Amino acid sequence: MSLAAAYPSSWYAATAGPPPAAAPLAGAQTADVCVVGGGYAGLSTALHLARAGMAVVLLEQAQLGWGASGRNGGQVHVGMRRDQEWLERRLGPETAMALWRIALDARDHLDWLITGQGADCDFVPGHLHVDHKPRIVADTRRHVALMNERYDHRSLRFVDREEVRARVASHDYHGGMLDMRGGHLHALKLAFGIARAALGAGARLHPASPATGFARQDGRWRVETPAGHVLADRVVIAGNGYLRGLVPAVEARVMPIANYIAVTEPFGEAGARALIRDGEAVSDSRFVVYYFRTTADHRLLFGGGESYSYRAPNDIAGLVREHMLRIFPQLAKARIDYGWQGMLAITPNRLPLVREVAPGITNISGFSGLGVVLAPYFGKLVADALANADGAALDRLAALPVPRFPGGRWLRWPTLVAAMSFFALRDRL
Ligand SMILES: Cc1cc2nc3c(=O)[nH]c(=O)nc-3n(C[C@H](O)[C@H](O)[C@H](O)COP(=O)(O)OP(=O)(O)OC[C@H]3O[C@@H](n4cnc5c(N)ncnc54)[C@H](O)[C@@H]3O)c2cc1C
């Protein structure tokens, strides 16, 4: 029996079925690549490296899919965390277009995982992004026109106030956009699916095996765990918001933020459709985003609220409930069956941190709350580069500017809290 942290008591853990069979690392192992972190990014890196014929050992400190990958909203977005207008302004039209192509490839890659690799995860198509202020609606309309014309993204369309309110039983929203390439899925089933495919391809996956340090040995990296070590030519760090200072070069640019989810009692099919008529994923324009959807067993899964500490509040369900009732006051009497938190990993400008942090050690993280589609694909890009298949897309990502958080290791928290609190306050005005 492993002493490592168990899965949180989430709706995902209650409905995912048993995790893939894998044992902790014991003794010494060698590999071409050692991957640290068993979320979407690490598992997918392991899958693609193994498919390319490389020897790969993955270390996960807790359980496979235990981190953000097994706890998130399950919302499938098409695009980067920043919209194309922002990317064009800040990085130029050519880089913005290249990032858009990477985002589309990432979306195709998710389909490949689901249908080509058997990562069945209850995918439901449709993602509706809604505006919580009337003044934002004109920008949304302009954004949809730009995406349709300049990016030829035809699955996206503008949705007016009447249609939004017919789709979502809330008076909070004034317009939005619907993308039928988006959708939602069962987050932990996706992680399990990638893990099973990686095991099937020959990757060695070890839960309950924290990497505790790295040292050079005979020109290779020696990665320590409490019960053994891995000697590898290369290391991929995919620890996201759970690294807790293991790699200071990552920590300077990637900050963990806690985000909360609650899941209600089941309402039956008609009750669920009375909340979100067609069952798509919904997220809104708040700075601290509200995101929600109904589940296969007809509950409402609602995400909202965040804080800047690993310590979980005593009553997560109660905390999220307050947010949920702002959108769905008709649920005042609904029971909350599950509440949990997960750590996002954000960067100062919300661009991902793909970087060689030491010779032979590559980090992929900082998806800034949008990793369901991107994290598995970034794993593939790292694997492709390490297996010498193709490093062009990875180079493009590695060249993205990601500044350090101001304030250094300790002061960055209060600095960020002040900034985030200001924006969260603006959501309410
Ligand atoms: C509450 C919440 C809601 C979200 N909702 C959405 C959403 O709806 N849509 C979306 O696109 N994205 C969403 N995200 C973001 C998305 O979940 C992440 O971007 C994605 O899962 C990142 O995957 P990852 O593999 O990089 O990290 P993780 O899944 O966090 O995996 C990192 C793993 O590394 C392990 N680890 C860390 N340090 C060590 C070590 N020293 N040794 C061994 N293992 C280690 C951790 O235990 C963890 O399992 C959400 C995130 C959260 C927290």
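Start at 1 and go down the list; that is how both ligands and their atoms are numbered. These numbers come from a predicted model, not from an experiment.
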- request: Return yes when P210 approaches ligand 1 closer than 4.0 angstrom through a heavy atom, no otherwise.
  value: yes
closest protein heavy atom to atom 16 (C) of ligand 1 is G371 N, 3.9 Å
For atom 3 (C) of ligand 1, the closest protein heavy atom turns out to be Y291 OH, 3.2 Å
Here the atoms of ligand 1 under 4.0 Å from any heavy atom belonging to A375 are 23 (O)
Derivation and outcome, side-chain hydrogen bond (donor to acceptor under 3.5 Å, both in side chains), residues S155 and D179: CA-CA 5 Å; S155 60; D179 192 342; 2.7 Å; yes
**Request:** Report, as yes or no, whether the 6.0 Å neighbourhood of atom CG on N314 holds more than 12 heavy atoms from other residues, nucleotides or ligands.
**Result:** no
Under 4.0 Å between heavy atoms, the region of L344 that gets near ligand 1 turns out to be both
A student checking ligand 1 against A41 at a 4.0 Å heavy-atom cut-off should list atoms 25 (O), 26 (O)
Problem - Close N or O approach (E60, ligand 1; < 3.5 Å) - result: yes
Is there a polar contact, in the sense of an N or O pair closer than 3.5 Å, between V36 and ligand 1?
no
Of A238, G67, G37, G304, the residue with the heavy atom nearest atom 32 (C) of ligand 1 is A238
Does S365 come within less than 4.0 angstrom of ligand 1, counting non-hydrogen atoms of the residue?
no
Check: Would you say ligand 1 has an N or O under 3.5 Å from any N or O of G241?
Finding: no
Nearest non-hydrogen protein atom to atom 23 (O) of ligand 1, with distance, is S69 OG, 3.2 Å
- [ ] Compute the shortest N/O to N/O distance between Y40 and ligand 1 and return yes if it is under 3.5 Å, no if not.
- [x] yes
If we ignore hydrogens and angles and just use 3.5 Å, is the side chain of D278 paired with the main-chain N or O of E280 as donor and acceptor?
no
**OP:** Please say whether Q63 places an N or O atom under 3.5 Å from an N or O atom belonging to ligand 1.
**Re:** no
- Message: Pairs of nitrogen or oxygen atoms closer than 3.5 Å, one from I364 and one from ligand 1: do any exist?
- Response: no
- prompt: Do any N/O atoms on G369 end up under 3.5 angstrom from N/O atoms on ligand 1?
  reply: yes
The protein heavy atom nearest to atom 9 (N) of ligand 1 is Q75 O, 2.9 Å
Practice task
In plain terms, say whether R181 and D108 are close enough for a salt bridge, that is, a side-chain N and a carboxylate O under 4.0 Å apart.
Solution key: yes
Numbered in order shown, the ligand 1 atoms found under 4.0 Å of a heavy atom of G239 are 32 (C), 34 (O), 37 (C)
Does any N or O in the side chain of Y7 come within less than 3.5 Å of the main-chain N or O of A14, such that one atom is a donor and the other an acceptor? no
among protein heavy atoms, the one nearest atom 42 (N) of ligand 1 is A211 N, 2.9 Å
Of all protein heavy atoms, the one nearest atom 43 (C) of ligand 1 is Q61 N, 3.1 Å
*asked:* I'd like to know if D105 pairs up with R101 as an ion pair, taking the criterion as any Lys NZ or Arg NE/NH1/NH2 lying under 4.0 Å from an Asp or Glu carboxylate oxygen.
replied: no
Within less than 4.0 angstrom of ligand 1, does G303 place any heavy atom? no
for atom 4 (C) of ligand 1, nearest protein heavy atom and its distance come out as N72 CB, 3.1 Å
H229 versus Q217, side-chain donor and acceptor atoms under 3.5 Å:
no
Less than 6.0 Å separating the ring centroids of H109 and H48? yes
The answer for which part of L59 has a heavy atom under 4.0 Å from ligand 1 is backbone
Original post:
Any ion pair linking E163 and R277 (charged N to carboxylate O, less than 4.0 Å)?
Top reply: no
At under 4.0 Å between heavy atoms, what of M343 touches ligand 1? The answer is backbone
| request: Take the angle between the ring planes of F214 and W221 and call it parallel below 30°, perpendicular above 60°, tilted in between. | output: perpendicular
Taking only non-hydrogen atoms of L246 and a 4.0 Å limit, the atoms of ligand 1 in range are 41 (N)
A student checking ligand 1 against Y242 at a 4.0 Å heavy-atom cut-off should list atoms 30 (O), 37 (C), 38 (N), 46 (C)
Short version for F367: what comes under 4.0 Å of ligand 1, heavy atoms counted, is side chain
Give a yes-or-no answer on whether the side chains of Y151 and Q84 include a donor-acceptor pair shorter than 3.5 Å. yes
the protein heavy atom lying closest to atom 53 (C) of ligand 1 turns out to be G342 C, 3.3 Å
From the list I261, L331, I327, side-chain contact (heavy atoms from CB on, under 4.5 Å) partner of F302 resolves to I327
